[in-house]
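Input: a single structure, listed below in structure tokens.
Residue numbers begin at 1 in each chain, while the letters A, B, ... track the order of the sequences. Since we're looking at a predicted model, the values are computed, not measured.
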Amino acid sequence: MPELPEVETIRIGLSEHIIGQSIKHVDVLWPKTLNVEHVNDSVIGHAIRDIRRRAKVLIIDLDNGFSMLYHLKMTGQMVLVQAAGNRLAGGHPSPSMAANLPDKSTRVVFEFDSGDQLFFNDQRKFGWIQVVPTAKIDQHSLVRRLGPEPLTVDFTLEGFEAVIKRHPKAPIKAVILDQSTVSGIGNIYADESLHLSKIHPATRSGDLKPIQIKRLYEAIKTIIAAGIARGGTSFAHYVTALGGKGDYLDQARVFNQTGKPCPACGTPIEKIRVAGRGTHICPHCQKAPK
DNA sequence: CACTTGACCTGTCCGC
DNA sequence: TGCGGACAGGTCAAGT
């Protein structure tokens with residue numbers, strides 16, 4: 001499930017190859033993923049001017065004042081196949097990177113003048129692509145609700161404390177998964193951040209001491225930066241935009257490490273349920289709230 | 001209003 | 001082997 005570091009990795013990988021390319025044709029294989037009318041009106045025949053990211057949303061700016069917003073949700077992938085047939089960029093879960101595309105998970109195919117093809121694959125069909133005027137991205141229903149990103153200056157300790165005070169009864173994990181608190185964190189990085197700061201995910205936000213809030217604030221920044229530095233995770237549906245697996249999960253602290261020793265104390269990691277989500281904790285380092 | 005649960009989907013895994 | 005059901009988890013709508 002791509003979170004901020006994964007989307008950032010995809011952004012960097014795609015930028016190297018498709019900025020400047022002109023879109024010749026678009027095949028929409030699953031209409032709920034992308035509105036075909038918008039494609040015909042605003043996408044066909046236009047070149048890619050820039051590729052940006054806001055939290056988990058990938059933004060592809062075109063040369064006509066329109067942009068495409070991509071949300072990969074849990075199983076979305078973007079795979080670039082070069083005209084020569086060499087898959088240089090993208091992401092595909094198949095053990096063999098030579099698997100032919102499109103496959104049954106392919107929802108949209110973008111074809112460039114060069115012959116390069118960009119496949120939007122999404123097994124569970126939750127992901128979407130929307131075409132909006134570039135100047136109105138900030139007004140988009142999802143984008144407008146996004147809080148500060150972990151690594152930008154507008155994510156302040158004071159602001160984080162204020163949000164936490166506003167949700168005293170909610171488990172802290174639910175608060176940091178809320179994209180209006182801090183944007184770009186998903187289930188993996190939430191568990192990792194809480195473990196690094198030694199806070200039990202079910203702790204009610206109002207019960208956190210100031211020192212714990214500060215530790216969590218710092219841990220979020222550390223964990224997200226580490227994720228980006230390592231090129232995202234290698235979780236089930238994710239492969240980096242350069243075709244290799246990200247390797248963050250190879251050294252994940254707790255996520256998907258059930259039964260394995262806690263990196264801090266050796267106690268076996270447990271899997272529990274918090275805020276309706278599978279949640280991984282060290283029962284020794286992260287004491288359950290009373 | 002604060003907070004929780006279900007829906008959206010498909011594929012995989014587990015127990016019987 | 002087949003089958004039902006739980007589970008995976010981002011976001012929004014609906015429920016408590």
Nearest-Å distance for atom pair [atom1]/[atom2], residues [X] and [N]:
X        : N      : atom1 : atom2 : result
A:Arg273 : B:dG6  : CZ    : P     : 10 Å
A:Asp122 : B:dC8  : CG    : P     : 16 Å
A:Ile272 : C:dC7  : CD1   : P     : 14 Å
A:Gln179 : C:dC12 : CD    : P     : 9 Å
A:Lys32  : B:dC8  : NZ    : P     : 8 Å
A:Trp128 : C:dC12 : CH2   : P     : 8 Å
A:Lys173 : B:dC3  : NZ    : C1'   : 17 Å
A:Asp178 : C:dG10 : CG    : P     : 13 Å

Scan [X] against the nucleic acid and name what it touches under 4.0 Å (heavy atoms): base, sugar-phosphate only, or nothing.
X        : value
A:Lys169 : sugar-phosphate
A:Leu142 : sugar-phosphate
A:Arg204 : nothing

Taking atom NZ as the centre, does A:Lys214 end up with more than 12 heavy-atom neighbours from other residues, nucleotides or ligands that are less than 6.0 angstrom away? no
Separation between the [atom1] atoms of [N] and [M], rounded to whole Å:
N      : M      : atom1 : result
C:dA13 : B:dC9  : P     : 15 Å
C:dG9  : B:dC14 : P     : 16 Å
C:dG5  : B:dA7  : P     : 15 Å
B:dT5  : C:dA6  : P     : 16 Å

is_close_aromatic(A:Tyr217, A:Phe155), centroid dist under 6.0 Å: yes
Does the gap between the ring centers of A:Trp128 and A:His38 come in under 6.0 Å? no
Would you say a side-chain N or O of A:Lys271 is under 4.0 Å from OP1 or OP2 of C:dC7? no
Nucleotide of B:dC9, C:dG9, C:dT11 approaching A:Phe255 most closely (side-chain heavy atoms): C:dG9
Against A:Gln77, only a single residue in A:Ile10, A:Asn121, A:Thr106, A:Leu72 fulfils side-chain contact (heavy atoms from CB on, under 4.5 Å); can you say which? A:Asn121
Once you apply the 3.5 Å cut-off to both distances, tell me the Watson-Crick or G-U wobble partner of C:dG9, or none. none
Which nucleotide, if any, forms a Watson-Crick or G-U wobble pair with B:dC9, using both distances under 3.5 Å? none
Do you know the tightest heavy-atom contact between A:Ser183 and A:Pro150? O-CD, 3.1 Å
Does a side-chain N-to-carboxylate-O contact under 4.0 Å join A:Asp122 and A:Lys73? no
Residues A:Glu6, A:Lys56: salt bridge by 4.0 Å N-O rule: no
What one-letter contact string describes nucleotides 10-15 of chain B from 5' to 3', where B marks a base within less than 4.0 Å of any protein heavy atom, S marks contact via sugar-phosphate atoms alone, and - marks no contact? BS----
Taking A:Ala83's backbone N and O only, do any of them form a donor-acceptor pair with A:Asp116's side chain (distance below 3.5 Å, no angle check)? yes
Does A:Phe126 stack onto the base of B:dC8, taking stacking as ring centres under 5.5 Å apart and planes under 30° apart? yes
